[in-house]
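For reference, the structure is listed below as structure tokens.
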Amino acid sequence: MPGKRICYLQRRMQPIANIMRARPVWLVAASVLVGGALNASFVVVNTHLFLPLFLDSIFTACVAALFGWLPGLFTGLWTNLACEIMLGFPMTVLPFAICNMSTGLIVGLMSERGQFRSGLNALVGVLLVTVSNSVLGALIATFLYGGITGSAAVDYVVVGLLAAGRQLFSATFLARIPANLVDKGIAVVAAYVLLFYVTRRLAGPPPRRQAWGHR
């Protein structure tokens, strides 16, 4: 039955998550470096295409889900530093590292505590990460850049909200909610699917159903 299969996976996921976090240091470090570099590559492409997303935290969430909150934090920090290196240090990306790090922290803590094991958990994760990134991003954009960073398509929405009479922080915050909801939704769901897939691979097949007459 589907319910029995889900319960089986949930029972197996916590020890498997512990195994993943017990991997050699070199593997965790390599995951952080590669994950951050891939995130940064996506950001550079996004910057040139000026898409209405950020695409900076898919691998942050994945590393955090598999290895915990601390590797997630480092992946988020390295992502934004790598972006600055690739873009020639415009200093419009590094200050937002705290947003990326919050993604790693939230997903990592949820994974470590066994609260990233169902579709509902993933939905809660999406909402938490969306709110944290929107609030932190709005604060940074407001107080460091006057609301306009010049490096994200969300700036157009900010300008529109300001023209409509919104206060600066309100405009920068509201403009980031839909962008982060989609962007961080992609990241968190990708991390959830990856963790679920790894869990199934390590846990093996669930117990087979018994025939009705042999119960």
Side-chain angles (χ1 to χ4, degrees), residues 1-43 45-46 51 53-79 82 99-133 180-210:
M1 296 176 63
K4 186 178 294 185
R5 185 183 184 90
I6 292 173
C7 291
Y8 170 78
L9 288 173
Q10 289 176 335
R11 287 197 302 272
R12 296 300 300 271
M13 285 179 94
Q14 188 57 45
I16 291 169
N18 293 334
I19 292 173
M20 293 301 298
R21 287 189 289 274
R23 293 292 188 184
V25 174
W26 68 265
L27 177 60
V28 179
S31 298
V32 170
L33 291 175
V34 173
L38 290 173
N39 279 338
S41 299
F42 281 11
V43 172
V45 172
N46 182 67
L51 300 175
L53 297 173
F54 302 106
L55 299 180
D56 61 345
S57 54
I58 295 175
F59 294 97
T60 300
C62 289
V63 170
L66 292 179
F67 299 109
W69 66 270
L70 188 57
L73 279 178
F74 282 122
T75 304
L77 178 60
W78 165 235
T79 293
C99 301
N100 209 332
M101 293 168 72
S102 75
T103 298
L105 179 64
I106 292 170
V107 174
L109 287 176
M110 291 185 69
S111 178
E112 288 184 359
R113 295 178 179 179
Q115 298 171 340
F116 200 57
R117 308 297 186 236
S118 68
L120 180 59
N121 291 157
L123 176 59
V124 172
V126 170
L127 295 177
L128 290 176
V129 171
T130 295
V131 172
S132 71
N133 276 258
N180 276 315
L181 187 60
V182 176
D183 188 79
K184 272 48 186 183
I186 294 172
V188 173
V189 170
Y192 170 75
V193 171
L194 176 63
L195 181 61
F196 189 78
Y197 173 77
V198 170
T199 298
R200 291 189 62 183
R201 292 282 294 182
L202 294 180
R208 299 181 65 179
R209 290 180 58 189
Q210 295 180 344

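Quick note: residue numbers are just sequence positions, from 1.
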Heavy-atom closest pair, residues [X] and [Y]:
X: V126; Y: K184; value: CG2-O, 4.4 Å
X: A61; Y: A187; value: CB-O, 3.6 Å
X: S111; Y: A64; value: CB-O, 4.2 Å
X: R117; Y: L195; value: NH1-CD2, 3.1 Å
X: F42; Y: F59; value: CE2-CE1, 4.0 Å
X: A122; Y: F116; value: CA-CE1, 4.1 Å

Quiz item: Considering the options N180, N133, V129, which one meets the side-chain contact (heavy atoms from CB on, under 4.5 Å) requirement together with C99?
Solution: N133
Exercise. Answer with yes or no whether the side chains of T103 and N100 bring together a donor and an acceptor at under 3.5 Å.
Key: no
To the nearest 0.5 Å, how far apart are [atom1] in [X] and [atom2] in [Y]?
X: Q115; Y: L128; atom1: CD; atom2: CG; answer: 9.5 Å
X: L73; Y: L105; atom1: CG; atom2: CG; answer: 5.5 Å
X: Y197; Y: Y192; atom1: OH; atom2: OH; answer: 15.5 Å

For [X], enumerate each residue passing the side-chain contact (heavy atoms from CB on, under 4.5 Å) test, keeping only those at least two apart in sequence or located in another chain.
X: L33; result: W78
X: V43; result: T47, D56, C83
X: S132; result: S102, I106
X: V34; result: L38

Practice problem: Identify, with sequence neighbours excluded, every residue that meets salt bridge (charged side-chain N to carboxylate O under 4.0 Å, His left out) alongside D183. | Solution: none
Quiz item: Hey, is the main chain of L27 close enough, under 3.5 Å, to the side chain of S31 for a donor-acceptor pair?
Solution: yes
Practice problem: Please list, chain by chain and in numerical order, all residues satisfying side-chain hydrogen bond (donor to acceptor under 3.5 Å, both in side chains) with S57, sequence neighbours excluded. | Solution: none
Exercise. Scan for side chain to side chain donor-acceptor pair (under 3.5 Å) pairs involving residues 34-43, sequence neighbours excluded, and state none if there are none.
Key: N39-T60, N39-T79
